[in-house]
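Side chains are part of it too, since the values below use all heavy atoms of this structure and drop only hydrogens, waters and symmetry mates. We number each residue from 1, following the sequence as shown.
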Amino acid sequence: MKRRDFSLAGGVALAAGALVLPAARAQTTTPAQVQGKAPQAGEDYLALDKRVPVDAPAGKIEVIEFFWYSCPHCNTFEPALDAWIKRAPKDLAVRRVPVAFRDDFVPQQRLFYALEAMGLVDQLHRKVFAAIHVERQDLARADAIAAWVAKQGVDKAKFLEHYNSFSVATKATRGTQLQNAYKVEGVPALGVAGRFYTDGTLAKNMDRALQIVDFLAAGIRSGR
């Protein structure tokens with residue numbers, strides 16, 4: 001979904017991915033339509049005017065997925081991203097960054113970073129998507145989030161301690177700074193090595209976006 005569409009839909013409930021994505025974001029393209037065409041800067045991906053600092057160790061190529069739990073296309077993309085991560089070269093350092101195009105996105109930003117701080121991302125990340133998009137639960141507010149987390153067998157008090165902590169607030173702020181530095185136009189989106197950006201609109205679909213990340217990583221390895 002485009003950033004401007006999030007702004008226009010400010011009065012719509014966040015629950016269950018209620019916001020409607022424009023046709024460009026939902027568009028799909030068959031492999032035959034893009035087969036044999038090398039990705040082009042300015043067309044399939046963007047080279048950033050200013051490099052973004054990375055957190056990856058030396059020798060690693062950082063790849064960031066920008067997402068929002070209530071985005072239906074992020075939910076759809078998650079299995080493909082998981083499969084890609086499992087087969088990705090060892091020199092790729094992949095991490096997820098929740099976006100906050102508006103202030104009411106912040107509770108779900110904090111949810112992710114609290115789960116990360118508690119070592120629960122592997123256990124509950126996919127379940128958050130399922131709760132919103134399959135079970136149709138409203139996880140847009142802190143109280144609803146804490147109640148849902150408690151139902152997953154997590155100590156509610158400990159979760160809220162992390163959720164309301166300075167470190168999680170700092171990470172949420174940093175996540176918003178990263179989305180702005182990468183000039184994220186919609187989610188899901190991918191940032192590469194602090195230098196490149198692509199998403200479903202630029203790449204034509206998210207499967208091809210992952211192929212473009214592979215292409216960009218290969219270029220970085222070869223010194224292009």
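- Atom CG of residue Leu124 and atom CH2 of residue Trp148 lie 5.0 Å apart, to the nearest 0.5 angstrom.
- Using a 4.5 Å heavy-atom threshold, the side chains of Leu111 and Val128 count as touching.
- Closest heavy-atom contact between Val63 and Leu92: CG2-CD2, 4.3 Å.
- Between the Arg110 side chain and the Tyr163 main chain, a donor and an acceptor come within less than 3.5 Å of each other.
- Side chains of Lys183 and Leu46 form no contact here, defined as non-hydrogen atoms less than 4.5 Å apart.
- Atom CD of Gln109 sits about 4.0 Å away from atom OG1 of Thr176, to the nearest 0.5 Å.
- Around the CG atom of Asp143, the shell of radius 6.0 Å holds more than 12 heavy atoms that belong to other residues, nucleotides or ligands.
- No single ILVMFWY cluster, assembled from side-chain heavy atoms under 4.5 Å apart, contains both Val54 and Val213.
- Contact detail for Ala181 and Val52: the closest heavy-atom pair is CB-CG2, 3.7 Å.
- In terms of hydrophobic clustering, with Ile, Leu, Val, Met, Phe, Trp and Tyr side chains grouped at heavy-atom distances under 4.5 Å, Phe66 and Val106 are assigned to different clusters.
- Contact check for Trp84 versus Asp214: side-chain heavy atoms found under the 4.5 Å cut-off.
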Show your working on side-chain contact (heavy atoms from CB on, under 4.5 Å) between Ile145 and Phe159 and close with a plain yes or no. CA-CA 10 Å; Ile145 288 169; Phe159 171 79; 3.8 Å; yes
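- Contact between Ala38 and Gln40 at its shortest, heavy atoms only, is O-NE2, 3.0 Å.
- Take Tyr69 and apply the side chain to side chain donor-acceptor pair (under 3.5 Å) test, not counting sequence neighbours, and it matches His125.
- Within 6.0 Å of the CD atom in Gln177, the count of heavy atoms belonging to other residues, nucleotides or ligands exceeds 12.
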Residue pair Ile220, Arg195: steps toward the side-chain contact (heavy atoms from CB on, under 4.5 Å) verdict: CA-CA 10 Å; Ile220 293 169; Arg195 296 167 54 184; 3.6 Å; yes
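- Here the two rings, on Phe112 and Phe67, have centers that are under 6.0 Å apart.
- For the pair Gln123 and Gln152, the minimum side-chain heavy-atom distance is 4.5 Å or more.
- Between Phe129 and Thr76, every side-chain heavy-atom pair lies at or beyond the 4.5 Å cut-off.
- Closest of all the heavy-atom pairs between Lys156 and Ala150 is CB-CB, 4.0 Å.
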When you look at Asp44 and Arg208, which way does the side-chain contact (heavy atoms from CB on, under 4.5 Å) test go after all the steps? CA-CA 9 Å; Asp44 302 303; Arg208 188 164 184 262; 2.9 Å; yes
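- The CG atom of Asn205 sits 10.0 Å away from the CZ atom of Phe77 when rounded to the nearest 0.5 Å.
- One hydrophobic cluster holds both Ile85 and Met206 under the rule that ILVMFWY side chains link at heavy-atom gaps under 4.5 Å.
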side-chain contact (heavy atoms from CB on, under 4.5 Å) between Arg96 and Glu78, intermediate numbers included: CA-CA 11 Å; Arg96 294 173 170 89; Glu78 189 63 27; 2.5 Å; yes
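- Nearest heavy-atom pair, Pro188 versus Cys71, reported as atom, atom and distance to 0.1 Å: CD-SG, 4.4 Å.
- The line from CD of Gln211 to NZ of Lys204 is 12.5 Å long, rounded to the nearest 0.5 Å.
- Minimum heavy-atom separation, Asp138 to Ala144: O-CB, 3.3 Å.
- For the atom pair CZ of Arg95 and CD1 of Ile64, the computed distance is 4.0 Å after rounding to the nearest 0.5 Å.
- Remark: Leu210 CG to Leu190 CG distance equals 6.0 Å, nearest 0.5 Å.
- Pairs of residues two or more places apart, or lying in two chains, that qualify as salt bridge (charged side-chain N to carboxylate O under 4.0 Å, His left out) and include a residue from residues 119-128 are Asp82-Arg126.
- If you run ring pair (Phe, Tyr, Trp, His ring centres under 6.0 Å) between Tyr45 and each of Tyr197, Phe196, Tyr182, only Phe196 comes through.
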Give the intermediate values and the outcome of side chain to side chain donor-acceptor pair (under 3.5 Å) for residues Ser70 and Gln108. CA-CA 9 Å; Ser70 287; Gln108 290 187 358; 3.0 Å; yes
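- Looking only at distances, no side-chain donor or acceptor of Lys60 sits under 3.5 Å from a matching main-chain atom of Val94.
- Within the 4.5 Å cutoff, the side chain of Phe105 has no heavy atoms near those of the Pro98 side chain.
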